[in-house]
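Proteins come first, then strands; the chains are lettered A, B, ... in the order of their sequence lines, and each starts at number 1. Since the structure is predicted, the reported quantities are computational estimates derived from the model, not experimental observations.
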2 protein chains.
Amino acid sequence: MEEILRRQIEKIVPLTDDEFQLVLSHFSVGKYKKHQYIVQQENPVPYVHFVVKGLLKSFYIDKSGKSHILQFAMEDWWITDNQGFYNNQNATLNIDCLEDAQTYYITLDNREKLCAELQKMEFFFLQKMTAGNIALQNRILSLMSKNSEERYTQFIQLYPDLIHRIPKTLIASYLGISRETLSRLSH
Amino acid sequence: MEEILRRQIEKIVPLTDDEFQLVLSHFSVGKYKKHQYIVQQENPVPYVHFVVKGLLKSFYIDKSGKSHILQFAMEDWWITDNQGFYNNQNATLNIDCLEDAQTYYITLDNREKLCAELQKMEFFFLQKMTAGNIALQNRILSLMSKNSEERYTQFIQLYPDLIHRIPKTLIASYLGISRETLSRLSH
DNA sequence: GCATTGATGTGATATAGGTCACAAATTTTC
DNA sequence: GAAAATTTGTGACCTATATCACATCAATGC
């Protein structure tokens, strides 16, 4: 399992064995059951999680009670409530498990210590954050310029693996359309 | 003008005079006229710009020819086509000036050099990127969970300064609604 | 292995917001 | 400062998507 984390980092910065051990020593391992929450609205957000097994979703519940999925996270993805985690605020999002899951998680303090001890980790996190930004901007443009069908097609292209692991209902919620509309498309 | 850049950085990391001179030496100054493009679709994206004067917008033109505003940038904001800039690709966005503008701009190479020479600048960029991420995620949730009126109200709250500098037509394009609908809202 | 819960499909109907068309007001340009 | 360009408002009409209501089917828990 450690290997997944190591490969993820080494896609961006090479690491010696010792360096990777140092990295690893700043993380903890978490195991979670399907339906289990790892972040809850109104509660603190102590960790970012790197998923090594399973599938999670982060979602926002609006004032009318409707839930909107911000992100899915499967193996090799990072997930947290950014606003809560980085600004030390209570969560506005929820994160729960769609499948039994295992993560390596790290606190903000530990992340900062790690970056101080191993400069290239700061570069790594900057690269990840930058890639995240680009993806988010594309998602915004997609929401603004594409209709439901186009967004669904794009989703299939971008995340072919997810299609088979996630009920359509949730994909609809991620795409910002109703499950009925998606149902009528997908045929 | 330099002072604006310095204050922007010092909101996150303190700088000595020498350090700031080092920072500054990696930037160039650009002056642009209203209507001038500083990034064009299909062209390279050599710089990120820090705006010290004026107002710009970045926008995407979809396949049907409709334009969607991704971002405005006034004094103290950063702007570029991220995908083009960080991945060394051609632009998918356009950026032009809504008012005569002045920026400090930097290449990717120079940014990397600067971070290598002055570690805290990497921390600075990471912080900015993180804040950007949070803002983008909120915008996505806003697009998914709020109707036109709520999004407009939120825009006014978030960017009260911009309301008076930007025609409603463009605000509509930023909010992902038609100008007619916005006109009927604003009352 | 049955019972509960969740997922999916589909009809009928409602509606927010888009589009088109025109006129008036305002701003910009030379 | 007149002409051109841009912005804004508003009516009439259209459409994509939401909502509600069932029915069926599949998955999961004990």
Side-chain angles (χ1 to χ4, degrees), chain A residues 32-37 54-57 59-69 72 94 96-101 141-156 162-187, chain B residues 32-37 54-57 59 61-69 72 96-101 141-156 162-187:
Chain A
Y32 312 99
K33 287 278 168 201
K34 187 168 175 172
H35 295 135
Q36 189 174 344
Y37 278 64
L55 181 56
L56 300 93
K57 68 173 199 285
F59 59 104
Y60 170 70
I61 298 179
D62 71 25
K63 58 183 205 302
S64 77
K66 264 184 59 176
S67 141
H68 307 271
I69 295 181
F72 295 110
N94 299 277
D96 71 359
C97 300
L98 298 176
E99 302 171 0
D100 290 359
L141 291 176
S142 176
L143 282 168
M144 296 205 300
S145 69
K146 292 186 198 299
N147 66 21
S148 316
E149 184 167 16
E150 292 167 328
R151 296 212 297 281
Y152 181 53
T153 307
Q154 182 180 239
F155 184 91
I156 295 171
L162 286 182
I163 292 292
H164 311 290
R165 287 171 78 175
I166 298 176
K168 297 265 173 66
T169 310
L170 296 183
I171 294 175
S173 163
Y174 176 92
L175 293 175
I177 63 189
S178 72
R179 60 156 211 89
E180 292 93 334
T181 296
L182 183 61
S183 170
R184 283 183 250 261
L185 291 180
S186 21
H187 152 193
Chain B
Y32 312 98
K33 286 280 167 199
K34 186 169 175 172
H35 295 135
Q36 188 174 345
Y37 278 65
L55 181 57
L56 302 91
K57 69 174 199 285
F59 59 105
I61 297 179
D62 70 25
K63 58 183 202 303
S64 76
K66 264 183 60 176
S67 141
H68 306 271
I69 295 181
F72 295 110
D96 71 358
C97 300
L98 299 176
E99 301 172 0
D100 290 0
L141 291 176
S142 177
L143 281 168
M144 297 205 299
S145 69
K146 292 187 200 297
N147 66 20
S148 316
E149 182 166 17
E150 292 166 330
R151 297 212 297 283
Y152 182 53
T153 307
Q154 181 179 241
F155 184 92
I156 294 170
L162 286 183
I163 294 292
H164 310 290
R165 288 171 79 174
I166 299 176
K168 297 265 172 65
T169 310
L170 296 184
I171 294 176
S173 164
Y174 176 92
L175 293 174
I177 63 189
S178 72
R179 60 156 210 89
E180 292 92 333
T181 297
L182 184 61
S183 170
R184 282 183 251 262
L185 291 179
S186 23
H187 175 217

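Side-chain N or O atoms of A/Asp96 include none that pairs as donor or acceptor with a backbone N or O of A/Gln36 at under 3.5 Å. Between the side chain of B/Ser145 and the backbone N or O of B/Leu141, at least one donor-acceptor pair lies under 3.5 Å. B/Ser183 contributes no side-chain N or O that, together with a main-chain N or O of B/Arg179, makes up a donor-acceptor pair within less than 3.5 Å.
Nearest approach of A/Leu182 to A/Ala172, heavy atoms of both residues: CD2-N, 3.7 Å. Listed here is the closest heavy atom pair of A/Phe72 and A/Lys57: CD2-CB, 3.9 Å. Among all heavy-atom pairs drawn from B/Ser142 and B/Gln154, the shortest one is OG-NE2, 2.7 Å. Of all heavy-atom pairs spanning A/Ser173 and A/Ser67, the tightest one is OG-O, 3.2 Å.
B/Ile177 places its CD1 atom 12 Å from the P atom of C/dT19, with the value rounded to the nearest Å. Between B/Leu175 atom CG and C/dA16 atom C1' there is a gap of 15 Å when expressed in whole angstrom units. As rounded to whole Å, 16 Å separates atom P of C/dA14 from atom CD of A/Glu180. Rounded to a whole Å, the CD atom of A/Glu149 is 13 Å from the C1' atom of D/dT17. Between B/Glu150 atom CD and C/dG17 atom P there is a gap of 9 Å when expressed in whole angstrom units.
At D/dT10, none of the side-chain N or O atoms of B/Ser183 fall inside 4.0 Å of OP1 or OP2 (strictly under the cut-off). For B/Lys34 and C/dT29, the shortest distance from a side-chain N or O to OP1 or OP2 is not below 4.0 Å. A/Thr181 has no side-chain polar atom (N or O) that falls below the 4.0 Å cut-off from OP1 or OP2 of D/dT17. The phosphate of C/dT19 has OP1 or OP2 within less than 4.0 Å of a side-chain N or O from B/Lys66.
Nucleic acid contact class of B/Ser148 (heavy atoms, under 4.0 Å, all strands): sugar-phosphate only. Note on B/His35: only backbone sugar-phosphate atoms sit closer than 4.0 angstrom, heavy atoms only; bases stay farther off.
Side-chain atoms of B/Arg179 stay outside donor-acceptor range of the base of C/dG18, with no qualifying N/O pair under 3.5 Å. Judged by distance alone with a 3.5 Å cut-off, no donor-acceptor contact links the side chain of B/Arg165 to the base of C/dT27. Residue side chain B/Arg184 reaches the base of D/dG11 through a donor-acceptor N/O pair under 3.5 Å, judged by distance alone.
Comparing A/Pro167 and B/Gly176 along DNA chain C, the residue whose closest nucleotide (by nearest heavy atom) sits nearer the 5' end is A/Pro167.
Comparing the helix axis at one end of the helix from C/dG1-D/dC30 to C/dC30-D/dG1 with that at the other, each defined from 5 consecutive pairs, gives an inter-axis angle of 70° (nearest 10°).
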